[in-house]
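Here is the structure we will look at.
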Amino acid sequence: MTGLATLPQAVDAGYEVTVLVRDPSRLPAECKGLKVIVGDVLNKEDVQKAVKGQDGVIIILGTRNDLNPTTMMSEGTKNIVEAMKAHCVRKVVACMSTFLLWDEAKIPPRLLDITKDHQRMYEVLKNSGLDYVAVFPPHIDDAHPLTKAYTVSVNERGGRVISKHDLGHFFLKCLTTAEYDGKFVCVSGNYTHS
């Protein structure tokens, strides 16, 4: 859902976008001009094809509704980092979870395994030597609009909700600034009047 909200914004902003997707039928029809690589983030060759020729990478990996133990996100991030180094790409923005900042005892038990893989993913980024931005969003909301008026909390917890559109906007903003490099950030919005 977050990736699908980010794509149209990237295209509208004039980016030449390459996406690595398992299922191309899920891509929005209005996103013309994408370079689509059908594959799997766990397949190093697929990742190499997707990263080659890029100036930056946005990592938005998810398991949809599968909350079973996984290493897909952290192993996929390892493959992305390896490909970035092979192709001299320095900038990476990655979406994880604000649960990384919570006391483990307070994380909802059904989300603990996913959070543990997000932690492994974050460790991969921190040890990558790349210009990474680790984005820890709170609840990502489908219904709230793009406002471009959100709060960025650097190296600390933020608010309780962010629209998928504002989150996508922030990912793109991170590609054009070094302000958040090497940091984790929480992004949240105030949607009481929307």
Given side chains that start at C-beta, do those of [X] and [Y] come closer than 4.5 Å, heavy atoms only?
| X | Y | value |
| --- | --- | --- |
| L100 | T115 | yes |
| V93 | V135 | yes |
| V185 | F170 | yes |
| K91 | D181 | yes |
| L27 | V21 | yes |
| I58 | L172 | yes |
| K44 | E82 | yes |
| R157 | W102 | yes |

Check whether any side-chain N or O of [X] sits under 3.5 Å from a backbone N or O of [Y] as a donor-acceptor pair, and report yes or no.
| X | Y | value |
| --- | --- | --- |
| D141 | S163 | no |
| S188 | G159 | yes |
| D46 | V41 | no |

Worksheet item: Will you find, in the side chains of T70 and D117, an N or O donor that is under 3.5 Å from an N or O acceptor?
Response: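 Short answer, no.
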Discussion item. Under a 3.5 Å cutoff, is there a donor and acceptor pairing between the side chains of D55 and Y15?
Written reply: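 There is no such pair between these side chains.
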What distance separates [X] [atom1] from [Y] [atom2], expressed to the nearest 0.5 Å?
| X | Y | atom1 | atom2 | answer |
| --- | --- | --- | --- | --- |
| R22 | R64 | CZ | CZ | 4.5 Å |
| M96 | L101 | CE | CG | 10.5 Å |
| Q119 | L112 | CD | CG | 11.5 Å |
| C95 | L167 | SG | CG | 5.0 Å |
| S128 | R90 | OG | CZ | 7.5 Å |
| H165 | D142 | NE2 | CG | 7.5 Å |

Item to complete: Check whether more than 12 heavy atoms from other residues, nucleotides or ligands sit under 6.0 Å from atom NZ of K148, and answer yes or no.
Response: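 Incorrect, the count does not exceed 12.
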Worksheet item: Is the count of non-hydrogen atoms from other residues, nucleotides or ligands lying under 6.0 Å from E16 atom CD greater than 12?
Response: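 No - once you tally the heavy atoms of other residues, nucleotides and ligands closer than 6.0 Å, there are 12 at most.
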Fill in: Member of L130, D131, N79 meeting the side-chain contact (heavy atoms from CB on, under 4.5 Å) criterion with M84
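The passing option is L130.
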When hydrophobic residues are tied together by side-chain contacts of less than 4.5 Å, even through go-betweens, does [X] share a cluster with [Y]?
| X | Y | result |
| --- | --- | --- |
| L61 | I140 | no |
| M72 | V57 | yes |
| Y191 | V187 | yes |
| I162 | I60 | yes |
| V133 | I59 | no |

Worksheet item: Are Y132 and Y180 close enough that their ring centers fall under 6.0 Å?
Response: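 Judged by ring-centre distance (under 6.0 Å), Y132 and Y180 do not meet the cut-off.
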Worksheet entry | Verdict with supporting geometry, L34 and L7, side chain to side chain contact (heavy atoms under 4.5 Å, CB included) | CA-CA 9 Å; L34 299 176; L7 277 175; 4.1 Å; yes
Practice prompt. Could you tell me which residues satisfy side-chain hydrogen bond (donor to acceptor under 3.5 Å, both in side chains) with Y150, sequence neighbours excluded, listed by chain and number?
Written response: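 For Y150, the residues satisfying side-chain hydrogen bond (donor to acceptor under 3.5 Å, both in side chains) (neighbours in sequence not counted) are H169.
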Discussion item. Ring of Y122, cation from K126 - is the NZ or CZ under 6.0 Å from the centre and inside 45° of the axis?
Written reply: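 Because its charged atom sits under 6.0 Å from the ring centre and within 45° of the axis, K126 does stack over Y122.
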Discussion item. I'd like to know whether K78 forms a salt bridge (charged side-chain N to carboxylate O under 4.0 Å, His left out) with E75, so could you lay out the CA-CA distance, the side-chain angles of the two residues, the decisive distance to 0.1 Å, and finally the verdict.
Written reply: CA-CA 5 Å; K78 285 179 188 175; E75 292 299 317; 3.1 Å; yes
Discussion item. Walk me through whether E104 and K116 qualify under side chain to side chain contact (heavy atoms under 4.5 Å, CB included).
Written reply: CA-CA 10 Å; E104 188 174 303; K116 287 180 179 178; 4.1 Å; yes
